[in-house]
Structure formats: C-alpha cells, structure tokens
Amino acid sequence: MMKKRDWLMVISPLFGSWAVDQVSKAWASSYLYDLRFYGPFGFVLHHNPGAILGTFSSLPPILRIVSLSTAGAFLIFIYGAIQYLIPSRSMPLRVGMSLLLGGIIGNVTDRIRKGAVVDFLVIGSPALSTPAFNFADAIQWVGYLMVAYGLIRDGSLFWPDVNARRTLWINPAFQLKYCLT
C-alpha cells in the first residue's frame, strides 16, 4: 500500500528531472556555441527538430510538433494508469518510470516552446564522439535501467509462479478451434 510519503518519492523525480533538464538547456542556450571538450566530455549547442537522432525532422513543423506532443500526452496518461495499477510498492520501478517520463516531458516541452530539442552534451573525443544529447536523454536511460531492475527484482509480484499463462495450452480445445478459425 502506497502512503503519501511514498507518492511524494515517486512523483518528485518526475518534476525534478524536468526542472534540471530545463535549467541545463537554458544554460546551454546562453553559453554554448562551438564544440569544446573537457576530458571525455564535450559541449556543443545543437537544435534537434526531430525525435531520436533527428528522425521525423523532415515532417512539416506543425505536424512534427503536434504528433510528437500528442505522443507525449499519451505517455503521461499511460504513466498515470500504470502507476495506479501497479499492485506493489516497487520503488525502483515506480521511480524509474518517473525519471523516464520526466525526461520525455523535458524534450516535449522544448518541442512545444521552441520547435526543436536543445542538445548539448557529447562523449568521446574531437575525432570520435557520440551524437549530441541532453540531460533529459541521459536521465531517460537511468529510468530505463531502474524499470528493468524493478521488473527483475520484483517480477514475482507481477507474475506469480502459479500463473496459468505459463503453460502452453490453457484450454486446448478452444485454442485449437480459435487458431484454425
């Protein structure tokens, strides 16, 4: 059973990651221009009008913004439904989903406000580096890892050992008839 304090621990990373992402993008927009490396980390200002690695950037701007923003709104709905339906406390899973959604909302906010996502981080060297990304992208990967860890750690709470679906044939006569139809 989730308590108010637990819900605060679940929701805070969503708003915290969104806020840190927006502050970091404002900083990057004000101070970064040319590519500069500091050890294995580089900084450069880049505006990505599309989604992951520039996909959808060839769509007309209004269609791109509406479709990607609609997808973000759909993810907010799915997040709320899953948070409500999860039968256990499973904090790594819940917090991971919050971090994941916080990063997504950070990028969707950029698309709505500016028509493009501000990317400014690279890893590598001047000769060989990753594509530019931002704090929201990085925090999403942390969220993915936490969700995977939560599902592995607490998987037995979601998929009990006596689950009838683990057998191939639950109702053989019906399943064969359905497949042949």
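The structure presented is a predicted model; accordingly, all values stated were derived computationally and were not measured.
- For the atom pair Met146 CE and Trp141 CH2, the distance stands at 15.5 Å (nearest 0.5 Å).
- Rounding to the nearest 0.5 angstrom, the gap separating the CE atom in Met97 from the CG atom in Leu99 is 11.0 Å.
- Tyr149 OH to Leu151 CG: the interatomic distance, rounded to the nearest 0.5 Å, is 12.0 Å.
- Residue Tyr84 is not grouped with residue Phe77 when hydrophobic side chains (ILVMFWY) are merged at heavy-atom distances under 4.5 angstrom, including chains of intermediate members.
- For Asp154, the side-chain contact (heavy atoms from CB on, under 4.5 Å) criterion is met by Ser90, Leu157, Phe158, not counting sequence neighbours.
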### Task
Run the numbers on Leu35 and Val122 for side-chain contact (heavy atoms from CB on, under 4.5 Å), then give the verdict.
CA-CA 9 Å; Leu35 179 62; Val122 292; 3.8 Å; yes
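- Looking at every heavy atom in both residues, Leu75 comes nearest to Ile104 through CD1-CD1, 3.8 Å.
- Ser12 contributes no side-chain N or O that, together with a main-chain N or O of Met9, makes up a donor-acceptor pair within less than 3.5 Å.
- Atom CG in Leu100 sits 5.0 Å away from atom OH in Tyr144 (nearest 0.5 Å).
- Closest approach of Asn134 to Leu121, counting heavy atoms only: C-CD1, 4.0 Å.
- The minimum heavy-atom distance between Phe133 and Ala138, with the atom names listed, is CE1-CB, 4.2 Å.
- The aromatic rings of Trp27 and Phe43 stand perpendicular to each other, their planes meeting at an angle above 60°, with 30° marking the opposite boundary.
- When all heavy atoms of Lys25 and Gly106 are compared, the closest pair comes out as NZ-O, 3.3 Å.
- Residue Val95 is not grouped with residue Leu145 when hydrophobic side chains (ILVMFWY) are merged at heavy-atom distances under 4.5 angstrom, including chains of intermediate members.
- Both Ile11 and Met91 belong to a common hydrophobic cluster when Ile, Leu, Val, Met, Phe, Trp and Tyr are linked at side-chain heavy-atom distances under 4.5 angstrom.
- A distance of 12.5 Å separates CD1 in Ile105 from CG in Asp110, rounded to the nearest 0.5 Å.
- Cluster annotation: Phe74 and Val108 are assigned to the same hydrophobic cluster (Ile/Leu/Val/Met/Phe/Trp/Tyr, side-chain heavy-atom contacts under 4.5 Å, transitive).
- Between Ile78 atom CD1 and Leu101 atom CG the span is 11.0 Å, to the nearest 0.5 Å.
- For the pair Leu14/Tyr79, a side-chain contact is recorded, criterion being any heavy-atom separation below 4.5 Å from C-beta on.
- The closest side-chain heavy-atom distance from Val118 to His47 is below 4.5 Å.
- Heavy atoms from other residues, nucleotides or ligands lying under 6.0 Å from CZ of Arg153 number more than 12.
- Ring geometry for Tyr178 against Phe174 counts as parallel: the plane angle stays under 30°, on a 0 to 90° scale with 60° as the upper cut.
- When all heavy atoms of Trp7 and Arg94 are compared, the closest pair comes out as CH2-NH1, 3.4 Å.
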### Pair Gln140-Asp137, side-chain contact (heavy atoms from CB on, under 4.5 Å): steps then yes or no
CA-CA 5 Å; Gln140 284 177 51; Asp137 299 332; 3.9 Å; yes
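- Looking only at atom types and distance, the side chain of Asn107 has no donor-acceptor partner in the side chain of Asn48 under 3.5 Å away.
- His46 places none of its side-chain heavy atoms less than 4.5 Å from the side chain of Pro131.
- In this structure, Gly103 and Ser17 approach most closely via the heavy-atom pair N-OG, 4.1 Å.
- The hydrophobic cluster containing Phe135 does not contain Ile123, counting ILVMFWY residues as joined when their side-chain heavy atoms lie under 4.5 angstrom apart, directly or transitively.
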